[in-house]
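Below: the structure, in structure tokens.
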Amino acid sequence: MRKELSASLLKLAHTHKSFVFLTGDLGFMAFEELESIMGDRFVNMGISEQNMISVAASLAYDEFVPFVYSIAPFVINRPFEQIRNELGLHNMPVKLIGNGGGYGYGIMGSTHHCLEDIALMRSVQNMRIYAPTYNDDIEDIIQLLLLDKNPNYLRLNNSVKRPSQVEPFTGFRNISKGKSGVVVGIGPVVLNIVELNEKYSLDLDIWVIGMVPFDTLPIELIESINHSAKVLTIEEHYAAGGIGELVASHILKNPTIKNTDLKFDSLCARGYPSGNYGDQKWHQEENSLGGKALENTLKQFFNK
Amino acid sequence: MDKENQDFMEERIKSVKRRFLNMYKCANAGHLGSSLSCAEILTVTKFAWMRGDDKMILSKGHAAACLYSVLAEDKQITEEQIATFYLNNTTLPAHPPVNKYPAIPFATGSLGHGLSIAAGFGFSSKLKKSDRKTYCITSDGELNEGSTWEAALFINQHQLTNVIWIIDRNRLQGYGFTDEVMALEPLDDKLKSFGFEVIGIDGHDYKALVGLKSKFENTKKPIAIIANTIKGNGWKSLEGKLDCHYLPINIEDFDLLQADLRN
């Protein structure tokens, strides 16, 4: 998604003079053109993420629109207190962009993975998370970020082109219709289920969350849950503070959902069960988020 | 500094101290020593150095009462609001609040944030080609925080001569003397090596502090001021001791200190 991000930011650089871009010393082979166009408004902040967040906060206070870029754990986990205090408490519209949410950095190892970012950002006052599913979602999201007066976190990952039948990015989308069960996911990992759903004709009703928090579940999703009484969530993130808990909470609180015989489970990252490392696909499979492990889980859960 | 300005500043400082002394006494609260340490610095910053839309960032947020008193002295906080210090439903908690007063752009209290916030304002001024200055008062204990040095590197990298960094060098931090906990000396050399023009000064000598103003205008380097101070300055029984960071003032010491601050 970095390529799409770069293209979208290039457009922004031409049209929005208040746009400033801060990077934590990253962007090789991605942001060179952006840098040449933006001049003083493109700042390599060095490897100093705490300072970068507070500087961005002051720029936002002065009505600049700062986008802050780094690898996800470095822009989210490392400067968490600066995000909480300067961005969250003050509702400063700084746009955090974390590349490689989940196991996106694959063989780079656990320090470069980010399995807590949704939980951390969900806990920050005023923060809104944007989670693209497809590469083409990025351009839509950048426009939404400009309109959003809250602090935001854009969670980038590796994905594919958006199919023509899928609607543009929104807070909640149905990306595949079906009647045998409901899947709710966040991020491109949900596409692993889309692929298996097509391959084995599982007839699943598949939804993706684009923005967190959200007020309520869509009516069509509620109807689908009531129809099949089976809900499975999927995320490349730890269970604690992730969307599995969030969706469960919304289901339990929703009086129009018949809870009594609902079958519910969450697929999520469990970290490093074997203690070994591989590429993103390998980590997904080890955590039952992809490959044969996911296939077995789906067939078992949905009785296929 | 002529006699009239000297009298003006001396009265402002005494008034600021009288007000926050009463605040701490009424609240039976600690941190009085921290406010006494930086009273002259904050008062001179507000009444002698700042102009127009200049900003002051109190990074050592635990001296909030001193900041509130300075802003009350400047009529930006009312005496009615001051009377609510530490009370339930107040806008004046022990550390500076969020979004309550224009003169307090960011809440502080977690150490090591202020210099980065000031650096952000300095960088913003540079982008806007504004001559606004940002004055940032840090403690010396918070120089333990790595983020302070991240900010220092950034200020030097971008030659933010519009950021004036004042270090309240009282040599005491949360649980001991700075040089016993995390030695800072030679602090001036450290700051120089980071690219700052370093000015050492008696942080309680308001006339000397006022006299620094001309240096801020044409400096070729970012400025860091090591303001040598005494924690709890004037609180005879506890000044220079760790106790003055935490303990409320007793009635005898309160009366003595108030007597010293009378005109």
Legend entry - Atom group of B:K55 that falls short of 4.5 Å from chain A, counting heavy atoms: side chain

Legend entry - Residues from residues 85-112 of chain B approaching chain A under 4.5 Å (heavy atoms): B:V98, B:N99, B:P102, B:P105, B:F106, B:A107, B:S110

Inset, instruction - Please report the C-alpha distance between A:E81 and B:H113 in whole Å, then the side-chain angles of each, then the deciding distance to 0.1 Å, and finally whether the side chain to side chain donor-acceptor pair (under 3.5 Å) criterion is met. - result: CA-CA 9 Å; A:E81 191 187 53; B:H113 289 228; 2.7 Å; yes

Inset, instruction - Give me the contact list for residues 56-65 of chain A versus chain B, heavy atoms only, anything under 4.5 Å, ordered by residue number. - result: A:A57, A:S58, A:L59, A:Y61, A:D62, A:F64

Legend entry - Residues, nucleotides or ligands: over 12 heavy atoms within 6.0 Å of A:I37 CD1: yes

Legend entry - Residues in residues 175-186 of chain B near chain A [non-hydrogen atoms, under 4.5 Å]: none

Inset, instruction - State, yes or no, whether a side-chain contact exists between A:S54 and B:I117 at a heavy-atom distance under 4.5 Å. - result: yes

Legend entry - Minimum heavy-atom distance A:V55-B:S116, with the two atoms named: CG2-O, 3.6 Å

Inset, instruction - Pick one of side chain, backbone, both or neither for A:D40, based on which atoms fall under 4.5 Å of a heavy atom in chain B. - result: both

Legend entry - Atom pair CD/CD of A:Q50 and B:E145 - distance to nearest 0.5 Å: 7.5 Å

Inset, instruction - Of all the heavy-atom pairs spanning A:N51 and B:F154, show the shortest one and how long it is. - result: ND2-CB, 3.3 Å

Inset, instruction - State whether the number of non-hydrogen atoms from other residues, nucleotides or ligands found under 6.0 Å of A:E139 atom CD is greater than 12. - result: no

Legend entry - Heavy atoms of other groups near B:K128 NZ, more than 12 under 6.0 Å: yes

Inset, instruction - Answer yes or no: are there more than 12 heavy-atom neighbours, outside A:M211 itself, under 6.0 Å from its atom CE? - result: yes

Inset, instruction - Could you please state which residues from residues 156-173 of chain B sit under 4.5 angstrom from chain A, measuring non-hydrogen atom to non-hydrogen atom, sorted by number, or 'none'? - result: B:H158

Inset, instruction - Decide if atom CZ of A:R78 counts as having more than 12 heavy atoms of other residues, nucleotides or ligands within a radius under 6.0 Å. - result: no

Inset, instruction - Tell me, yes or no, whether the heavy-atom count around B:D53 atom CG, taken from other residues, nucleotides or ligands under 6.0 Å, exceeds 12. - result: yes

Inset, instruction - For atom CD of A:E33, decide whether the heavy atoms of other residues, nucleotides or ligands shown that lie under 6.0 angstrom number more than 12. - result: no

